[in-house]
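The structure under discussion appears below in the form of structure tokens.
Nothing fancy with the numbering, it's 1 onward along the sequence. Everything quoted here is computed from the prediction, not taken from an experiment.
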Amino acid sequence: MTTTYDVIVVGAGHAGNEAASAAATMGSKTLLITMNINTIGQMSCNPAVGGIAKGQIVREIDALGGQMGIVTDRSAIQFRMLNRGKGPAMWSPRSQSDRKRFIEEWIHTLTNISNLHIWQDCVTSLIIKGKEVVGVRTLLGAEFLSRSVVLTNGTFLNGLMHFGPVKLRGGRIAEPASYGLSDQLASLGFRMARMKTGTPARIDKRTIDFSRLTEQAGDDDFHKFSYLDSVCRDLKQMSCWITYTNPHTHDILRAHLTESPLFNGQIASIGPRYCPSIETKIVTFADKASHQLFLEPEGVDSNEYYVNGFSSSLPMDVQMEALHSIVGLENVVLYRPGYAIEYDFFDPTQLYHTLQTKLLKRLFFAGQINGTTGYEEAAGQGIIAGINAHLTAHDTGDSFALSRNEAYIGVLIDDLVNKGVDEPYRMFTSRAEYRILLRQDNADERLTGKGFSLGLASCERHNLLTIKNQEKERLATVLQSTAISPEDVNGMLEMVGSQPLSHSVKLSELLLRPQVTLSLLIDCSAELREAVASIPRIREEVEESVEIQLKYQGYIERERLSAEKLQRLDKIRLPEDFDYSAVQSLSTEARQKLTRIKPRTIGDAERIPGVSPNDISVLLVLLGR
């Protein structure tokens, strides 16, 4: 059986779904291969999307024309905007999802894209001619030919799960691992290693004593992930619940550390520093008497709850004993225990910024195969890989990449290909030096035009952005041209602890005060109320965006100027065949890393750890700059 496609995507997780959706939407005849059609888009760990910096990535995916934000909104059972107490550069959306509905929405989305076909099977090898990938072979003996292949294998490459001393081969509980691909890629010269991640036990809602827990409700406002006003959050909203471990819990865990695969030598691979197991927490933070846990619902019609913060690979009986020592969980019953999983990944410095591999043409990697962790990081890579797989398949001569000052996705991929990973990579706002430019509220302004030019973002999405920009400009003009008198505003100013006015000032000037918000000014100004009332459809988004733009204009402009300097370095290209080993004026570490990574530009070289400013000066001199 041999069939030909433009693009083949291997794996239907968060990276694979975005890659396949993007390629097919742009016009490629696309095949998505998954080992189980019924678990497309499975949330292997916690049933939530977004979070600190991750939420910005999801909004960027949506702005480009991707699907994750839409699927998340339609399956959301709780939405929260994190970090609202900080500046808007730090605001990060997060949504709890109905796990079953999330899968259903993904299946519905993918099966209704006309160019996209799905095949249930396991890919065991690539078909290679010369230095190009031309297709894949499967466990069932099928051969599929294509002009681009995207690998998004998640934790399935030689996956091994640990339940205390019990080891089971698999990519996820009750699902088989994938074999063959890793060995083939290693034989071709790809550098690979092992990583580890884990997940907590799932518990029965009916056995939780909620009366002893602290409730955490969601937000009830206009925020969501998708910029499309036709996409709504319409499922029943549910609360999460908070409890804590205690010294007795820690004593139980500490007494059984020798049975933990993480501490007895059974697991030797790299685990995520920022999502540690509970046994790692009690060792690393031995001085802490408790650790916060979040009990998160798995769905509207499900009794299953996720114990966020209690990831573990300890034996089942130890996990049960420790959970029973926690307030509210004294009588809890498990659906299944937590476990750790080891899997293969490949050094991402072997990739270009397009996520095409340097060793084989027409082959792209996205997701945990590149050493990342998290649904959002995977999906962000997936949409970029899918776009470039489509462009490569049609030999357009074009490629698509995002820079560090354009998107968190750009920061993510730049970090991967220039710095590599020594632990599972997780995105944080602190990784982005231009985070004031990369806010969650303006992802559409940054990226929808690019997505529309690619043929990925829809006309509806582009038209909505045009309306938003027009209304923003109109509202900003009203704020900058309308004065307000002391008698209209001093009562409000005194109420919020701000200095009263002695004379009339422009509304935009008053908005610069930290205590003053646009909503307070609307209550005080008839002209402003009239302007806001006339905004169609997306009023709240326009208000929020204008307020941020005016309040933080100085910071935004300063960061924009800094980003322009970065762009100048990113435009100075380095020859692919540059012999760094022959340049003795470069440091030894720089020669080694530049030879291994082969950066595209001076800007890329500057961001490689171990390449000093002096090394960059040497390169600029050699290039005649």
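- At least one donor-acceptor pair closer than 3.5 Å links the side chain of Arg431 to the backbone N or O of Arg426.
- Using modelled atom types, one side-chain atom of Ser92 and one backbone atom of Ala53 make a donor-acceptor pair closer than 3.5 Å.
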Yes or no on side-chain hydrogen bond (donor to acceptor under 3.5 Å, both in side chains) for Glu105 and Ser75, after CA distance, side-chain angles and deciding distance? CA-CA 7 Å; Glu105 288 292 340; Ser75 61; over 6 Å; no
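- When atom types are taken as modelled, the side chain of Gln120 and the backbone of Ile37 share a donor-acceptor pair closer than 3.5 angstrom.
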Apply side chain to side chain contact (heavy atoms under 4.5 Å, CB included) to Leu363 and Phe365, showing your working. CA-CA 7 Å; Leu363 177 63; Phe365 290 172; 3.8 Å; yes
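- Look at Lys361 and Glu132 and you find no salt bridge, because none of the NZ, NE, NH1 or NH2 atoms lies under 4.0 Å from a carboxylate O.
- Exactly one residue among Arg172, Glu175, Gln368 makes a side-chain hydrogen bond (donor to acceptor under 3.5 Å, both in side chains) with Ser44. That residue is Arg172.
- If you check the side chains of Gln567 and Ser403, you find no donor sitting under 3.5 Å from an acceptor.
- Under 4.0 Å is where a charged nitrogen must lie from a carboxylate oxygen, and between Glu296 and Arg94 at least one such pair does.
- Considering only residues two or more places apart in sequence or on other chains, Ala19 meets the side chain to side chain contact (heavy atoms under 4.5 Å, CB included) condition with Val9, Val150.
- A donor-acceptor distance shorter than 3.5 angstrom exists from the side chain of Thr152 to the backbone of Val10, with no hydrogens or angles considered.
- Taking CG of Leu126 as the start and CG of Leu360 as the end, the distance is 7.5 Å to the nearest 0.5 Å.
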From CA spacing to verdict: side-chain hydrogen bond (donor to acceptor under 3.5 Å, both in side chains), Asp414, His353: CA-CA 7 Å; Asp414 188 68; His353 282 74; 2.8 Å; yes
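- Ion pairing between Glu304 and Arg336 holds under the 4.0 Å rule for side-chain N and carboxylate O.
- Side-chain contact of Asn388 with Thr354: a donor-acceptor pair under 3.5 Å is absent, judged by distance alone.
- Between Phe346 and Phe190, the two ring planes are perpendicular [angle over 60°; tilted spans 30° to 60°].
- By the neighbour-count criterion of 12 heavy atoms within 6.0 Å, atom CZ of Arg169 is sparsely surrounded, having that number or fewer from other residues, nucleotides or ligands.
- The pair Glu576-Arg600 does not count as a salt bridge, with every side-chain nitrogen at least 4.0 angstrom from each carboxylate oxygen.
- Under the 4.0 Å criterion applied to side-chain N and carboxylate O atoms, Glu377 and Lys54 are assigned as salt-bridge partners.
- Side chains of Arg147 and Ser28: no donor on one and acceptor on the other come within 3.5 Å.
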Test side chain to side chain contact (heavy atoms under 4.5 Å, CB included) applied to Val231 and Arg74, step by step: CA-CA 7 Å; Val231 176; Arg74 288 177 174 164; 4.1 Å; yes
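- Counting only N and O atoms by type, the side chains of Glu460 and Ser230 include a donor and acceptor under 3.5 Å apart.
- Between Asp347 and Arg596 there is a salt bridge, since at least one side-chain N of the basic residue sits less than 4.0 Å from a carboxylate O of the acidic one.
- In summary, the side chains of Arg461 and Thr448 do not present any donor paired with an acceptor at a separation below 3.5 Å, with no hydrogens or angles considered.
- Side-chain atoms of His162 and Ser313 include no donor-acceptor pair closer than 3.5 Å.
- With hydrogens and angles left out, the side-chain atoms of Tyr179 and Asn158 include no donor and acceptor closer than 3.5 Å.
- Not counting sequence neighbours, the partners of His14 by the ring pair (Phe, Tyr, Trp, His ring centres under 6.0 Å) test are Phe102, Tyr375.
- Applying the 6.0 Å contact sphere to NZ of Lys100 captures no more than 12 heavy atoms from other residues, nucleotides or ligands.
- Gln67 and Asn17 share no donor-acceptor pair across their side chains, judged by distance under 3.5 Å alone.
- Inspection of the Asp579 and Ser581 side chains reveals an N or O donor paired with an N or O acceptor under 3.5 Å.
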Intermediate values then yes/no, ring-ring contact (aromatic ring centres under 6.0 Å, His included), Tyr343 and Phe345: CA-CA 7 Å; Tyr343 56 93; Phe345 81 98; 7.5 Å; no
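- Ion pair Arg202/Glu298 flagged as a salt bridge, since at least one NZ, NE, NH1 or NH2 atom sits closer than 4.0 Å to an Asp/Glu carboxylate oxygen.
- Side-chain atoms of Asp6 come within 3.5 Å of backbone atoms of Lys29 as a donor-acceptor pair (strictly under, hydrogens ignored).
- With no hydrogens or angles considered, no side-chain donor-acceptor pair links Asp73 and Ser226 at under 3.5 Å.
- We find that Asp570 and Arg607 are joined by a salt bridge, their nearest charged nitrogen and carboxylate oxygen being less than 4.0 Å apart.
- Here the shortest heavy-atom pairing between Leu157 and Ser182 reads CB-OG, 3.6 Å.
- Between Arg404 and Asp604 there is no salt bridge, since no side-chain nitrogen of the basic residue lies less than 4.0 Å from a carboxylate oxygen of the acidic one.
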As a quick check of understanding, evaluate side chain to side chain contact (heavy atoms under 4.5 Å, CB included) for Ile40 and Ile118, giving each step before the final call. CA-CA 10 Å; Ile40 284 175; Ile118 300 174; 4.1 Å; yes
